[in-house]
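Input: a single structure, listed below in structure tokens.
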Amino acid sequence: MDRELLKKRIDAAVEELGDELVEFAQGFFRIPTQNPPGNNYWECVRYVGRMMEKLGMRVEYVEVPEDRLAELAPHGEGLPRISVIGTYPGAEARPNIHFTGHYDVVPEGDGWSYPPYGAEIHDGKIYARGSSDQKSGVVSELFALYALQKAGIKLRGTYIASTTPDEETGGQAGVGYLVEQGYLNRENTDYCVVTECLNVDNICIGHRGTLWFEIQLTGRQCHGAMPAEGINAAEHMRLLLNAIDEKIQTLPEMNRVSELPIDPPTSRRTTLANTYVHVGEKVNTVPGFARVGFDWRITPEYTVEWAKEKLFGVLEELKATVPDFKYEYVEFGRMDPTLVPKDTPVVKAFQQAGKDYLGEVPEFSLSPGMDDQRYIVHQGGLEQCIVYGPGPLYIAHKADEFVPIEDMKTSAKIMALAACDLLGVVE
Ligand SMILES: [Zn+2]
């Protein structure tokens with residue numbers, strides 16, 4: 001079948017399925033899967049699993065065993081963590097493509113004009129917490145396959161779709177667990193698409209790295225009228241924050257604007273944000289303890305090791321020069337930046353399909369934060385893994401989150417046509 005015909009047939013099939021797509025999306029968005037703690041997960045995966053069954057997929061539920069919940073979902077209050085994977089075998093097992101998106105949502109918060117789980121439609125947009133980020137991506141990945149079936153297009157390779165929990169709290173019990181358990185890696189997967197909300201006209205090829213840490217300073221408490229009797233942790237905090245300003249924030253590496261298209265542009269460099277300072281409580285008491293937290297985001301030009309080397313340089317210098325300076329370093333999380341090559345078949349297929357339905361080749365972007373792509377690329381060793389999904393990025397986590405219905409449909413068309421390119425079509 002020639003490309004023009006494929007494109008037309010997919011287009012018509014998605015349009016024909018439009019009402020059903022909206023109905024499915026509304027039902028999905030109405031299940032409040034707030035995380036933390038992780039509400040209604042079984043109800044949600046069953047809902048998606050039923051659609052997978054309807055599409056003739058082989059459906060597998062993957063549940064984190066109870067004895068690992070405390071480790072993989074520490075804020076999950078012991079609630080179940082389940083992923084669902086649907087496999088639609090083609091004429092041949094390989095190549096295959098695996099689309100995966102998370103179904104957990106951040107708590108709704110305040111300031112909504114519409115009920116946050118009402119999935120009301122206004123002006124062609126569906127409003128709900130999680131509509132953009134990123135249940136919409138899961139809707140598109142399923143309706144892409146549905147449209148192929150409706151259009152009578154038979155894939156040569158195998159189409160896999162999954163939805164996972166816990167991306168909003170780190171993803172260890174979601175994609176992290178699937179990768180750990182061998183469901184998704186370079187041995188068994190040829191192409192992977194994480195269907196996060198990075199805009200319908202963007203192909204995301206990576207994200208910045210992360211170092212989350214706290215520095216604890218221990219002094220000795222004493223009376224404020226006799227400060228020489230103690231060791232002032234507030235003073236040490238001041239010295240530490242000054243040193244970070246003078247010796248880290250001014251580094252050329254910290255001020256180098258990345259050439260990579262990180263979105264938004266204000267995050268197009270390595271940023272070190274001071275996220276909390278806790279020290280002292282009484283006006284007449286010299287504090288004996290202080291702690292300070294930092295969120296360091298690192299562009300792909302650098303590594304977490306580079307950041308730690310700079311940090312420890314500052315800490316050790318203070319220790320050597322300030323009497324009684326005593327520090328403890330506590331690390332909460334670290335992940336090197338992710339960046340996949342631009343010239344792989346998966347990228348090209350999405351560029352081409354994007355051009356076919358959008359009229360323009362999608363732009364490249366990198367996410368300012370991190371997402372589940374990192375597990376698949378770093379732990380799973382799969383290079384051909386991109387992030388592509390319909391949700392508008394800017395509205396994620398905000399009040400009045402929405403997804404345009406048209407974007408879910410366009411994204412489904414692009415996914416379907418790219419799958420034809422990558423997996424081949426049986427004539
Ligand atoms: Zn997300």
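Both counts, for ligands and for their atoms, begin at 1 and track the order of listing. This chain uses plain numbering: 1 for the first residue, then up along the sequence.
- D133 contributes atom OD1 as its closest N/O/S atom to the Zn ion (ligand 1).
- Coordination check, E196 versus the Zn ion (ligand 1): passed, since an N/O/S atom of the residue sits under 2.8 Å.
- A salt bridge between R297 and D295 is present, with a side-chain N of the basic residue lying under 4.0 Å from a carboxylate O of the acidic one.
- Applying the 6.0 Å contact sphere to CG of N255 captures more than 12 heavy atoms from other residues, nucleotides or ligands.
- Every residue meeting the salt bridge (Lys or Arg N to Asp or Glu O under 4.0 Å) condition with R129, not counting sequence neighbours, appears here in chain and number order: E401.
- In summary, an N, O or S atom of H102 is located under 2.8 Å from the Zn ion (ligand 1).
- Electrostatic pairing of D336 and R374 does not count as a salt bridge here, judged by no charged N lying under 4.0 Å from a carboxylate O.
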